[in-house]
Structure formats: C-alpha cells, structure tokens
Amino acid sequence: MRVLCIGGGPAGLYFGLLMKRQNPRHEVVVVERNRPYDTFGWGVVFSDATMDNLREADPESAREIDAAFNHWDDIEIHFAGRTVRSSGHGFIGIGRKRLLNILQARCEALGVELLFETDVEDDQALARRHGADLVIAADGVNSRVRARYADTFAPDIDTRQCRFVWLGTHKRFDAFTFAFEKTEHGWFQAHAYRFDDDTSTFIVETPESTWRAAGIEAMDQPRGIAFCERLFARYLDGHPLISNAAHLRGSANWIRFNRVICRTWIHWNEMEGGRRVPVVLMGDAAHTAHFSVGSGTKLALEDAIDLADNLRGVADGDTEALADALRRYEATRAVEVLKIQNAARNSTEWFEHVERYAGLAPEQFAYSLLTRSQRISHENLRLRDRQYVEGYERWLARRAGLPEEVLTQHAGALPPIFTPYRVRELALKNRVVVSPMAMYSCVDGVPGDFHLVHLGARALGGAALVMAEMTCVSPDARITPGCPGLWNDRQRDAWRRIVDFVHGNGDARIGIQLGHAGRKGSTQPGWQRMDYPLPDGNWPLISASPLPYLPGISQIPREMTRADMERVRDDFVAAARRAAAAGFDWLELHCAHGYLLSSFISPLTNQRRDDYGGSLANRLRFPLEVFAAVRDVWPSRRPMSVRISAHDWVDGGITPDDAVEIARAFKRAGADMIDCSSGQVSPDQTPVYGRMYQTPFADRIRNEAGIATIAVGAITDADQVDSIIAAGRADLCAIARPHLADAAWTLHQAAQLGFTPIDWPVQYLAGKRQLETLVERAAAAQEEAR
C-alpha cells in the first residue's frame, strides 16, 4: 500500500512508522511544512495507560520515550493561600520536540520517507504525484484538508471562552501544578509540569473578558510575559518565563482553544482511471481535547494505533476491504474520542468559570478541580490516594456536623452521601432524597394503601427525605384521574396517615410537591399513552397561553385571566395549609416540566402581551406570586423548595443562563433550595442524556445564584452522589428510578461502601450484618479472581 501522511506531528509520524513496521513493503511518505527536527510548543502529557499502549504498539520507540519522559503521580493545587496535594494520578511529561525527534528517527530507521518544508495546498495533486492508495490528513486543528472537504467531514468548531499562552520555565515542578491568582480584573490560572531535566511547561489561562480588561491585548510579547512573571512570581522562585514562539507578534501568542468535532472522518476522492482514494482524518484534524485533560497527543497516537491495526492484512487494491477497515476505525475511535471530549468539555468549562467556584473553601475548591471532568469519581480518587480522600472526607463530615462519636468510632470511609444536612429547623440524616415520581394510583385524589406502602417502604430504606409525587391543588389541576390531590380534607387526612407512619417508624422526613398540570392535564396514565388526552371524560384546561402540548392531539387550553390566576393562587394556598396540617416536613412548588407555573416561565409556552408575558421578569411574575402566597402560610420553620426546568432543550427556550436568574428570583422570594430538573416543556426537546446529565444545572445555580440545590437525573449510585456533594455541585441528590427498583437503595449503598454506622429499622436489623457480610465476601471473591 502507498500511504501519504499530510502532517508530521505525532499522529502522522506514528501512523507512518506503524504501517512500515507492519509491512516493510508499504511505501509511506510523511509530509511536514516545518523544517527537519523543528517544532513549536513545550511539553506534552499523557497517562501511564497511554504509555502501555505505546509499548505494545512499537516497543522500540517506546523505549526511547521511556528514557526521555518525566513521571509523576502528584497534583498540587494552590488557591487562596493554601496548597492541596493529591497523589496516585500517574502522568508522564515529555518535550514535544523530543517526542517528535524520537518518532522522526524511528520513521527514518524503518524507511518512511519524510518530506520537510513542504506546504500542502492541493492534497489531490500530491496524492497523484505519490500514487497514494490512502491519504492521512493529520494536519492539525486548522486542517486545510478538513476545510477542503467540509461538506463531507461536517466539522463543528467551538471556540472556547479563555485565552491562554504556552510558555516554559527552568523552574522544575515536581507535581502537576495548578496555581490560581486573582487580580482586579478577574482570575488567572497556571498549568505547570516538568517535561525534562530542567524545563517545565507553564500555561497561563484566563477568560477572554479578563484578558482584555487586564490590557494584555495591547501588550507586545515581552510585556505579556513580564505580566505573567509578576503574577505568578511566588511559584517561579526567580526563574523567568520564556517563549519559543518568537514568530508570533504581540498578543497573537495568546490564543483560544478550538474544540473540533467531525460528523465523519472519511472522504473518498475519485482519481484518474476511476480509482477511489480515501482521505482519513487523524488527531487534531478530526477532534481536539482541551489541554487541561492532557489528551490531545494521547488521542492522536491512539488513532494511529487503531487505524494501523484495522488496516493489517488489507490487500493492495482491495477497495472494499479498505473501506471496511476505515469504517471500523471510525466507529471504534469515535466512541473513545467522545468519552474524552465529554470529559474535556467539563474540564474546559470548569476553568472558564473559576469565579463560580472561588467561594468554596480551599479544600472543596481543590476537590472540585480534581473531579471536574467527571471521569474521576470519589471512589476512583480513593483508589488513587486513599489518604487524601479520607482526610477530605473527615474535613467535610465535621463541617456538615456528623456526630463526633461517628468520627472517632468509625475508622473506615466517611462517604459524603452520609453526612447530615440542615435546612431551617429541619435536620436531614443524609443527602439522599426519594424523588417525587408520579404513580397515577389515587381515586378522587385520595392516596390509599399503595401510597402508604410505596412511600413508607422508601422511608424505611435509609433515605433522609421522601417526596410524594406532584399533588394537585384542584380537580382540574390533575395530570390524570389517578393523580393525588389536596383540595379537600379527606385527602388531607389520607396524607396524614402516611406522614404519621413515616414519622412513627424511623427518622426519615417526608415532603410534598404541590403543582397544577396546566395544558398537560386531562391525560392518560404514564403506562398507557403518556401525554395523550383521555379517551373520554376530559376536563377543560388552562395555561399561560392557548397552546396545546401536542399540536393536533392535545386539548387547546384557555389563556388564563387575572381571575383565573387569583383562583389558582388561592388553591395553592389552601393546599399548602392542608399539607401543613397533615404534618409534612417539606413543601416543594412545582414550576417545571411544562406544567402550569412552568408554562408562564418558558417563552416557548408564554406568548402573553400583558404584564405576565415578554421579559423573564414578567414571565416569573405569576409563579412568584404563588410562591409568596404559599410561603406566607407554610410554617416558617419548615423548608420550601422550587423545582424548575433549568433547560428547555429547544432553541428559543429557557437556557442554563436563564435558570440562574430564575433561581435568584426565587431566592429573593424566600426559597430555601432549587430542585434542578430540565425539559418536558416542549415535545420538540432534544436533551443530551448521560450520567448525571442535569447535575451541571445544579452546580451553576448553587455556585452562581448562591442558593442550595438538589441534583436530579441519571444519578444511579452512591459514588456519583459522593462526587456531587463533595465537590459542592449540589447539597442533596434526588434519586428516582433506582428507588423504584430498590426501596432500600440507601441502606444497600451504605453496605457497598462499608459504611456501617447507618441506622436500620429495628425490625430489619438482623439483615444488616448479613448484607454487610455478603458484600465483603463478594469483594473478596472479586479480588481473588483479579
């Protein structure tokens, strides 16, 4: 096979040498625009796992890299005058120039032809000149080849918010170092690591707005470097910062990161004689990952390994086999790249919003940084550095008020999930909430034996707070005929029976969520045709505007008048009084998911032209009126939260930026907590699902609006809860589907984590030790098998 690699970076060089190593008869040409053995940039980083892949793919070059790299396990974080250090992370650093030199020499030894100082303007002409059967486009983040075939590759290029400059220093850092300095203009951060015996990379990063406000845009390169030296002097020990990008003038060496995603990585060209030649993207030309996760070079090298493996045995001229091999490469690598890019996106956004986390204590700030990508969970961090995690757990537990006897008597883990939390005068024993979940099992709005068993069992299962499903404030406020209500005293007394059971049989607390279905009312139960109208017996609907939920299917609601608003407000107040009389510990106002109050907030569902439509402040007017009226009658010692849809997932709808303002408004009105859900406002929604996919909304609202939050959505195990609580991303976690499958989910998670100081119902106490023993045996068997 005749292979042409455009771009002599790590991807092109490594692919070239792997192909030549695989079959010496391959003719491989690597074309690079720079001079021989010339490169820009400083050090590159990848993990121990990546190094293992290189040793397997080409032991010869791996030995050279092994001899040149600097290895470290520690991360050191400097923030607010404190230093936090964590170990066990396993990185290697090597000079970019040294890495390329090793790969260039290995290519030459294997017979790969290297053509330097060749600027490729026409890839097709070059492919014809070399008679290429395969063209690899490894020409970097600004790939000309990708741009030429943009209709095929469909690149999505997102220019991020921070400016950064890639510098070096002869200060030798013995850990991967993050240093944060606040100026009058905003935060700057440095990412520093050693990559050879006497040189370290030193990247300085700051949001674009801060960069401009500090005047760096107008500075020449020496003045910009001097600014960074002064700012980070305490970490440099007198060593200067240096640049190897003298070809860049002024502020041009401060750049913004481009995140690149391509729809496909393969394009086929029709050459002379009808010959079809594929052009394949590799490395930064196909995808990028932010330097804060150190994975750009890793992805490039692993692209090369995977493509070379897939091409093994493909015969010259067998276009069908070649096409199959390329499809396998793209399918395999796209999944792996997506995982890294998702982590890199989380990391990028964290560094773009340091101000958001600057109010955290240094201990929690450091933990938040270490787990920012969500690839490192609480338990994964414990595997890396048990001493650090256990120390942090004890700090967090003391801060949360975990009883001192637990701290002194329990020598094992103190998972954040099991730390207490206090809201007003209500004490919660841990951070687990049984999320409100519609059961559609009431008659005339009256909860019966099913709800007693359903909520009672989960209250016995270890959760701190059990939330009843959305309970409707009037008959016409129901979603379905099976929804519960609180519009009469019979319903109040039925709820009191359940509340009394919860209070009389353990230390769980119970809350109620009050709501009005609005335009999503008068529908079938969820296990039938969800959101579809009842076959008969429908009742009239009201909403902010006369818009049906499912066009052509749902009823068209009547636009609410001021008299309607007053009636609905009073219905909420009456229901809240009954909830208080029934003894509920917590009340949540449902302003999410396209129900009545939500329909006022979202511009997708509110097209009013009066004082209750238009601006966000106007759209919030009625929900805030209802909140204020309910808060006035709800006992002051009991908490009140608001559930919102923090993202409509539809263009023109509520965004996370809006959600922060919505939370601020409810905070000013007296809300104690925001329950951060999303979607279900419009059937046109296109959510981006994934584990903990709604937690970023809780994070933003908590740390920007300054109000406590509940995280909800695809949170499935205690490790995720620990990571969320420990990082200060939310204060409570609402668990839904896992609690449907396992009423005692919280007790089972405690056993899995080895946290024994958890109270069980005395009736079930005999099962506690058995469960803990079974978990211990399973862990021992797994370790033996490993």
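- Looking at residues two or more places apart in sequence or on another chain, you find no salt bridge (charged side-chain N to carboxylate O under 4.0 Å, His left out) involving Arg263.
- Ion pairing between Arg212 and Glu217 holds under the 4.0 Å rule for side-chain N and carboxylate O.
- Take Phe227 and apply the ring pair (Phe, Tyr, Trp, His ring centres under 6.0 Å) test, not counting sequence neighbours, and it matches Phe188.
- Looking at residues two or more places apart in sequence or on another chain, you find a ring pair (Phe, Tyr, Trp, His ring centres under 6.0 Å) between His267 and Tyr149.
- Using cut-offs of 30° and 60° for the angle between ring planes, the Trp211 and Trp254 rings count as tilted.
- Taking the six-membered ring where the residue is Trp, Phe365 and Phe180 present perpendicular rings, their angle passing 60° and hence far from 30°.
- Closest approach of Trp187 and Pro207 over heavy atoms only: O-CD, 3.6 Å.
- Residues passing the side chain to side chain contact (heavy atoms under 4.5 Å, CB included) test with Asp119, sequence neighbours excluded: Arg33, Arg144.
- No side-chain heavy atom of Ile6 sits under 4.5 Å from any side-chain heavy atom of Ile136.
- A 4.5 Å side-chain heavy-atom check between Val314 and Met1 finds at least one atom pair inside the cut-off.
- Salt bridge present: Arg98 and Glu64 bring a charged side-chain N and a carboxylate O closer than 4.0 Å.
- Partners of Phe153 under the ring pair (Phe, Tyr, Trp, His ring centres under 6.0 Å) rule, at least two apart in sequence or in another chain, do not exist in this structure.
- Side-chain contact between Asn70 and Ile92 is absent, with no heavy atoms from C-beta onward closer than 4.5 Å.
- Scanning both residues, Gly8 and Glu32, for their nearest heavy atoms gives N-OE1, 2.7 Å.
- Remark: Glu205 does not engage Arg163 in a salt bridge, criterion side-chain N to carboxylate O under 4.0 Å.
- Arg2 has no carboxylate O lying under 4.0 Å from a charged side-chain N of Glu27, or vice versa, which leaves the two without a salt bridge.
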Give every donor-acceptor pair under 3.5 Å between a side-chain atom in residues 303-312 and any protein atom, sequence neighbours left out.
residue : atom : partner : partner atom : Å
Asp303  : OD1  : Arg333  : NE           : 2.7
Asp303  : OD1  : Arg333  : NH2          : 3.1
Asp303  : OD2  : Gly283  : N            : 3.0
Asp303  : OD2  : His287  : NE2          : 2.6
Asp306  : OD2  : Asn310  : ND2          : 3.0
Asp309  : OD1  : Arg312  : NH2          : 3.3
Asn310  : OD1  : Arg328  : NE           : 3.0
Asn310  : ND2  : Asp306  : O            : 3.0

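- With sequence neighbours excluded, the residues that form a side chain to side chain donor-acceptor pair (under 3.5 Å) with Ser347 are Ser292, Arg372.
- A salt bridge between Arg172 and Asp174 is absent, with no side-chain N of the basic residue lying under 4.0 Å from a carboxylate O of the acidic one.
- Between Ser61 and Tyr14, the shortest heavy-atom contact is OG-CE1, 3.9 Å.
- Taking a cutoff of 4.0 Å between a charged side-chain nitrogen and a carboxylate oxygen, Arg146 and Asp139 do not qualify as a salt bridge.
- The distance between the ring centers of Tyr329 and Trp265 falls below 6.0 angstrom.
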Just do the ring-ring contact (aromatic ring centres under 6.0 Å, His included) check on Tyr193 and Phe173 with the steps written out, would you? CA-CA 6 Å; Tyr193 54 89; Phe173 291 91; 9.3 Å; no
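- Pairs passing the salt bridge (charged side-chain N to carboxylate O under 4.0 Å, His left out) check and including a residue from residues 279-288, sequence neighbours excluded, do not occur.
- The ring pair (Phe, Tyr, Trp, His ring centres under 6.0 Å) pairs that include a residue from residues 294-320 number zero, where partners must be two or more places apart or lie in different chains.
- Remark: Arg106 engages Asp58, Glu60 in a salt bridge (charged side-chain N to carboxylate O under 4.0 Å, His left out) (not counting sequence neighbours).
- In this structure, Gln189 and Phe232 approach most closely via the heavy-atom pair C-CZ, 3.8 Å.
- For Trp649, the ring pair (Phe, Tyr, Trp, His ring centres under 6.0 Å) partners are His647, Phe697, not counting sequence neighbours.
- Asp122 pairs by the salt bridge (charged side-chain N to carboxylate O under 4.0 Å, His left out) definition with Arg148, not counting sequence neighbours.
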